[in-house]
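Accompanying notes for the structure given below.
Values in this document were obtained by computation on a predicted structure and should not be read as measured data.
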There are 2 protein chains.
Amino acid sequence: MLKYQQIANEIEQYINEQQLKQGDKLPVLEQMMSQYAVSKSTITKALELLERKGVIFQLRGSGIFVRRHNRPGYMSLFSTQGFKSNLGDRVLTSDVIDVSVMKPDATVAKNLGIDVSDDVYRVERVRYVDGEVLCHEESYYVKAIVPYLNREIVADSIFDYVQSALGVTIGFSDMYLQVDRLTEGEAGYLGLQENDPTLRIETIFHLTNGKPFDYSRITYHYAHSQFVIQANGPYM
Amino acid sequence: MLKYQQIANEIEQYINEQQLKQGDKLPVLEQMMSQYAVSKSTITKALELLERKGVIFQLRGSGIFVRRHNRPGYMSLFSTQGFKSNLGDRVLTSDVIDVSVMKPDATVAKNLGIDVSDDVYRVERVRYVDGEVLCHEESYYVKAIVPYLNREIVADSIFDYVQSALGVTIGFSDMYLQVDRLTEGEAGYLGLQENDPTLRIETIFHLTNGKPFDYSRITYHYAHSQFVIQANGPYM
DNA sequence: AAGTATAATTGTACCGGTACAATTTAACAA
DNA sequence: TTGTTAAATTGTACCGGTACAATTATACTT
């Protein structure tokens with residue numbers, strides 16, 4: 001692991017262990033430099049990472065401060081989207097409904113930038129947090145990139161698998177949000193009524209080289225999905 | 001304006017003017033260095049800014065490439081949240097319902113980190129994109145930080161005003177998302193029916209020094225609000 | 001006590017450099 | 001042609017430095 005990532009992790013761990021609150025001051029840059037025995041720019045990169053993550057904010061002339069939002073119940077939108085799993089102490093489980101190889105329809109092919117004759121894995125799941133229904137997910141993986149999946153892998157974290165077993169690294173993703181009403185089928189999976197409100201998120205995950213490899217449609221249970229996004233400045 | 005911001009702007013402008021598409025390659029780092037006559041680290045900072053904004057992605061050993069999402073109809077979630085106004089060519093207007101000074105209730109005071117005896121501005125608006133109802137907004141500004149507002153200012157962009165006229169700079173914000181049903185009153189403003197689905201977003205805007213100065217509750221028209229979020233890597 | 005100028009603190013912008021890892025291209029061999 | 005190896009390309013990590021702007025603390029005045 002890179003130095004600045006390692007340092008960022010240690011600082012975050014320190015904040016959690018010491019149970020620091022919003023506004024609490026961290027050691028100054030110069031002290032961190034000597035503590036971790038690295039140059040200023042390395043510390044700066046570590047802090048920048050934490051700033052983007054919403055863990056700290058920096059104020060020139062003053063210091064480095066802890067940033068915390070004040071609503072414990074809310075999940076980070078990105079944590080439910082394959083990213084860093086900071087659901088805290090909450091447990092994420094899945095019911096696997098389908099894992100199969102198939103040909104994509106026109107919409108799926110377009111979103112994945114492939115041909116309708118190329119193979120994809122189709123995965124359908126219902127996901128739970130602490131036993132409560134969170135969402136229904138239907139996702140498609142480019143088989144040329146993810147050559148093998150099974151129910152066991154899919155029951156756990158697919159992203160951990162492709163990352164560690166296949167050495168595939170996720171670069172960026174485009175998420176499309178929309179509020180809508182549930183169809184009858186979806187309502188069944190979520191234990192709700194047809195036409196109940198829902199948040200639909202379609203996401204296209206790209207590798208670091210820009211190639212799409214996963215297109216997923218998620219339908220959230222409106223009562224069990226409260227999200228937080230920590231944004232930075234006018235320049236985000 | 002800072003060098004790296006200026007360069008970032010020029011690069012983005014170049015991409016738009018040349019109508020570059022997803023995957024198109026930009027000049028290499030070294031050429032940019034000589035073109036703008038700055039050091040490598042300055043170019044790197046400019047590119048990093050654009051990467052966070054979702055405008056480019058960089059691939060070591062290969063080059064710098066244009067990133068574009070492929071759904072023209074969708075608005076960036078942050079552009080409707082006071083941030084960079086890249087709604088493209090779409091026009092944002094407002095009906096001002098209320099601008100008044102008052103004492104906050106307990107909830108508002110808590111979210112703004114002030115006392116119920118402190119003054120706040122209350123602003124209520126209905127917002128439109130290209131004439132269609134987008135959302136109903138109710139927001140509260142700490143009067144100690146924003147000492148004066150009127151209907152004219154509020155009809156335009158409040159953030160531009162506080163930024164330019166008051167010299168106040170926005171640091172970061174916490175956004176809380178939730179799907180729910182409309183109340184009768186809200187439905188009236190949005191031209192919808194009671195119990196129709198809606199996206200509610202509460203946002204707390206902070207200054208660079210970490211002090212909250214704006215707490216707003218926005219209720220979106222489900223049929224006219226489609227959002228895109230361009231996220232970066234597992235480390236966001 | 002309250003304001004005002006001054007100095008110390010502290011993070012950010014920017015420079016210029018070395019080493020390196022990932023990718024692409026070129027050269028080569030089967 | 002096809003696969004393999006080597007070399008060139010290209011962005012990233014990390015170092016160490018100077019200058020500076022924003023904040024905070026101090027000393028000084030009134």
Side-chain angles (χ1 to χ4, degrees), chain A residues 1-9 11 23-52 55-67 163 166-172 206-211 232-233 235, chain B residues 1-9 11 23-52 55-67 163 166-172 206-211 232-233 235:
Chain A
M1 182 177 290
L2 299 170
K3 275 190 191 177
Y4 76 90
Q5 289 181 342
Q6 181 60 38
I7 292 170
N9 288 343
I11 294 172
D24 282 356
K25 196 174 183 211
L26 293 176
V28 299
L29 246 171
E30 207 145 345
Q31 193 191 317
M32 289 188 180
M33 281 173 65
S34 59
Q35 180 175 340
Y36 295 103
V38 292
S39 80
K40 178 158 29 178
S41 54
T42 304
I43 294 288
T44 304
K45 278 214 89 175
L47 294 174
E48 189 194 306
L49 238 170
L50 292 175
E51 197 166 36
R52 279 207 264 166
V55 175
I56 60 162
F57 64 92
Q58 297 181 75
L59 191 51
R60 154 154 78 181
S62 183
I64 303 153
F65 303 90
V66 173
R67 176 178 173 196
Q163 194 116 9
L166 303 177
V168 166
T169 49
I170 302 152
F172 54 90
H206 305 256
L207 304 181
T208 47
N209 66 10
K211 290 206 184 93
N232 285 308
Y235 278 98
Chain B
M1 183 179 292
L2 298 171
K3 274 189 190 177
Y4 76 92
Q5 288 181 343
Q6 181 60 38
I7 292 170
N9 287 343
I11 294 172
D24 282 356
K25 196 174 182 212
L26 293 176
V28 300
L29 246 170
E30 206 146 347
Q31 193 191 317
M32 290 189 179
M33 280 173 65
S34 58
Q35 182 175 340
Y36 296 103
V38 292
S39 80
K40 178 155 34 175
S41 54
T42 304
I43 295 287
T44 304
K45 276 214 89 175
L47 294 173
E48 190 195 304
L49 237 171
L50 292 174
E51 197 166 38
R52 278 206 266 167
V55 175
I56 61 163
F57 66 92
Q58 298 181 74
L59 190 51
R60 152 154 78 180
S62 183
I64 303 155
F65 303 90
V66 173
R67 175 179 173 194
Q163 194 116 9
L166 303 178
V168 165
T169 49
I170 302 152
F172 54 90
H206 305 255
L207 304 180
T208 46
N209 65 12
K211 289 205 186 92
N232 286 307
Y235 278 97

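The nearest whole Å value for the distance from the CD atom in Q6(B) to the P atom in dA13(C) is 15 Å. Note: CG (L2(A)) to P (dT12(D)) measures 12 Å, nearest angstrom. Going from atom CD1 of I56(B) over to atom C1' of dG11(D) covers 11 Å, rounded to whole Å.
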Show which side-chain atoms of residues 40-50 of chain A pair as donor or acceptor with protein atoms under 3.5 Å away, not counting sequence neighbours.
{"from": "S41(A)", "atom 1": "OG", "to": "S39(A)", "atom 2": "OG", "distance (Å)": "3.1"}
{"from": "T44(A)", "atom 1": "OG1", "to": "K40(A)", "atom 2": "O", "distance (Å)": "2.8"}

Determine all donor-acceptor pairs shorter than 3.5 Å in which one atom belongs to a side chain in residues 23-37 of chain B; sequence neighbours excluded.
{"from": "D24(B)", "atom 1": "OD2", "to": "K21(B)", "atom 2": "N", "distance (Å)": "2.8"}
{"from": "K25(B)", "atom 1": "NZ", "to": "S62(B)", "atom 2": "O", "distance (Å)": "3.3"}
{"from": "S34(B)", "atom 1": "OG", "to": "Q31(B)", "atom 2": "O", "distance (Å)": "2.9"}

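Here the side chain of T42(B) is nearest to one of dG11(C), dC15(D), dC14(C), namely dC14(C).
When heavy atoms are screened at a 4.0 angstrom cut-off, L47(B) is found touching no nucleic acid atom at all.
A heavy-atom distance below 4.5 Å is not found between the side chains of V38(B) and Q6(B). With contacts defined as side-chain heavy-atom distances shorter than 4.5 Å, the pair T169(A)/Q163(A) qualifies.
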Pairs under 3.5 angstrom, nitrogen or oxygen only, protein versus nucleotides 19-27 of chain C, please.
{"from": "dT23(C)", "atom 1": "O2", "to": "G61(B)", "atom 2": "O", "distance (Å)": "3.4"}

Review item, nucleotides 4-8 of chain D N/O atoms under 3.5 Å of protein N/O:
none

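Residues from residues 31-39 of chain B with heavy atoms under 4.0 angstrom of DNA chain C, sorted by number: V38(B), S39(B).
In terms of the side chain to side chain contact (heavy atoms under 4.5 Å, CB included) criterion, residue partners of L166(A) (sequence neighbours excluded) are, by chain and number, V146(A), P147(A), Y161(A), V162(A), V168(A).
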